[in-house]
2 protein chains.
Amino acid sequence: MAAQKRLNREDLVTTALAVADAEGLEAVTIRRVAQQHDVTPMALYRHFPDKDGLLLALADRLLSGAVLPEPDDRPWYDQLRDLLAAFVEALRPHPNAAVLAFRGMVTTEPGLAVTERALALMAAGGMSVEHSAETASHILGSLVALAIVAPGPPPGADPEEGDDAVRAKRATLLALSPRRYPYVVAAAEPLAACADTGLYFDRGVDMIVSGIRDAAGTETATSR
Amino acid sequence: MAAQKRLNREDLVTTALAVADAEGLEAVTIRRVAQQHDVTPMALYRHFPDKDGLLLALADRLLSGAVLPEPDDRPWYDQLRDLLAAFVEALRPHPNAAVLAFRGMVTTEPGLAVTERALALMAAGGMSVEHSAETASHILGSLVALAIVAPGPPPGADPEEGDDAVRAKRATLLALSPRRYPYVVAAAEPLAACADTGLYFDRGVDMIVSGIRDAAGTETATSR
DNA sequence: ACCTGAACACCGTTCAAGT
DNA sequence: ACCTGAACACCGTTCAAGT
């Protein structure tokens with residue numbers, strides 16, 4: 001991509017992310033990233049210990065895109081909703097790379113920051129340490145899943161290719177037996193690409209938050 | 001593993017799954033699976049079109065482990081809970097391979113069967129086609145995430161290795177600054193490995209179902 | 001300190017050939 | 001029909017060397 005005087009760690013991560021967005025995570029390769037910087041593959045080893053190091057840096061980059069809202073005095077669940085929305089907003093543009101966030105939640109600085117805030121808010125909601133720890137890994141995992149399976153064309157790739165993928169997926173679903181899969185066939189359109197992606201993510205976050213409120217409520221109810 | 005007279009597609013998938021469980025998905029390789037059957041790598045191409053075909057078959061195997069409960073006359077949300085519980089039960093033993101389920105939901109027969117039943121139950125709950133389609137990909141994705149991030153040693157690998165991983169993870173979390181990450185440090189133990197894995201999955205399913213009930217409720221409320 | 005070049009052990013996969 | 005063997009283009013990575 002951009003040939004420059006000095007190889008730079010951040011720039012390498014940037015092109016790695018670009019490759020992932022455009023061609024999928026399996027296309028990001030030491031040799032490929034090196035080539036895009038007109039450099040020998042071995043040059044990358046000055047900046048990352050190994051390929052796993054590159055991928056970890058990619059996870060870090062991904063999660064550092066989340067700008068966490070400052071704590072305020074609204075109810076804990078409203079603050080949690082905003083936190084989760086910020087988190088998912090960072091992953092949303094990069095569905096191909098989002099899988100990396102599974103590892104990154106506890107191994108990168110921005111991942112830990114999100115986890116910390118989520119734990120604090122659930123504690124404010126009256127959840128026990130054990131329950132909120134469980135719930136944290138659950139909800140953050142769910143949000144990553146939300147970004148991965150988001151129906152519709154991935155925002156990173158070129159729109160032409162994306163539309164082709166959507167068309168193909170819809171066609172596959174419509175080709176199914178309506179006797180065996182009546183509901184799937186009827187829902188082929190929204191399953192292939194949801195009408196409003198923003199709404200998709202908002203609803204996902206809402207569902208998670210209301211699930212947590214119920215869980216926190218029952219815990220408080222049974223504990224006294 | 002087992003050397004036999006004739007190469008068998010199902011047996012190949014079985015050893016592929018075993019490799020994934022023991023050493024991770026990146027260890028399952030055409031050459032590796034072939035070697036375990038004392039056969040040339042090329043022999044696998046009689047049974048799968050390419051490596052992707054192997055992985056797809058692996059996804060199919062994974063999802064076919066779910067024994068779907070028969071429809072009955074209980075409320076839709078109780079049936080949905082049982083459906084999701086059956087689904088997650090199939091993924092639970094194979095956290096390393098569970099990522100494949102993301103693709104398999106709409107590309108394998110057992111994946112479509114689960115999606116079909118989920119859509120039917122949400123329709124019974126009064127959800128629109130669009131909303132239930134969105135929600136289906138959300139909740140099934142969440143369950144896959146649940147299996148992937150389940151804290152604690154993976155059930156597939158040998159226990160010694162698993163305990164080492166848990167110990168290492170706990171140590172990493174405990175080494176963090178308690179000033180910056182007070183809640184994470186305090187929750188290091190349950191984050192590294194939850195006390196009761198069964199409870200972890202039950203709560204995950206419950207949270208999802210209660211989230212859906214809320215979503216279905218507000219939709220019905222606003223639509224009239 | 002930062003980058004190169006050759007080399008090694010691994011991949012997936014094609015093609016022609018064996019039985 | 002099913003499997004083999006050699007070959008090719010790709011990986012990640014080590015090691016010794018250049019500036």
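To find a chain, count down the sequence lines: A is the first, B the second, and so on, and within it residues start at 1. These figures come from a predicted structure and were not determined experimentally. Note: hydrogens, waters and symmetry copies are ignored here, and every other heavy atom, side chains too, is used.
Atom pair B:R46:CZ and D:dA1:C1' shows a separation of 8 Å (rounding to whole Å applied). At whole-Å resolution of the value, CG in A:D38 and P in C:dC3 are 13 Å apart. When the P atom of D:dC11 is taken as reference, atom CD1 of A:I30 falls 11 Å away, rounded to whole Å. In this structure, the CD atom of B:E23 is 13 Å from the P atom of C:dC10, given to the nearest Å. Per the geometry, NE2 belonging to A:H47 stands 5 Å off P belonging to C:dC3, to the nearest Å. Rounded to whole Å, atom C1' of C:dC15 lies 9 Å from atom CE of B:M42. B:E26 has its CD atom 12 Å from the P atom of C:dC11, to the nearest Å. Taking atom CG of residue A:D50 and atom C1' of nucleotide D:dC11, one finds them 14 Å apart after rounding to whole Å.
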Between B:L44 and B:L7, is a side-chain contact (heavy atoms from CB on, under 4.5 Å) present by the stated rule, with each step listed? CA-CA 8 Å; B:L44 294 217; B:L7 217 48; 4.1 Å; yes
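An OP1 or OP2 oxygen of C:dG12 is reached within less than 4.0 angstrom by a side-chain nitrogen or oxygen of B:T29.
D:dA9 is unpaired under the Watson-Crick or G-U wobble criterion, no partner having all donor-acceptor distances under 3.5 Å. Across all strands shown, C:dA16 forms a Watson-Crick or G-U wobble pair, both distances under 3.5 Å, with D:dT4.
Across every non-hydrogen atom of A:D164 and A:R167, the tightest pair is OD1-NH2, 3.1 Å.
In the set C:dC2, C:dT13, D:dT4, the nucleotide with an atom closest to the side chain of B:P41 is C:dT13. With C:dG12, D:dT13, C:dC3 as the choices, the nucleotide that has an atom nearest any side-chain atom of A:A43 turns out to be C:dC3. When distances run from any side-chain atom of B:L7 to the nucleotides D:dC3, D:dT13, C:dC11, the shortest one goes to D:dC3. Listed nucleotides: C:dG12, C:dC2, D:dG12. Nearest to the side chain of B:K51: C:dG12.
Residues B:T135 and A:R203 have side chains that never bring a donor and an acceptor to within less than 3.5 angstrom of each other. Using modelled atom types and a 3.5 Å distance limit, the side chains of A:Y181 and B:E109 yield a donor-acceptor pair.
Taking the six-membered ring for Trp and thresholds of 30 and 60 degrees, B:F102 and A:F102 have nearly parallel ring planes, at less than 30 degrees apart.
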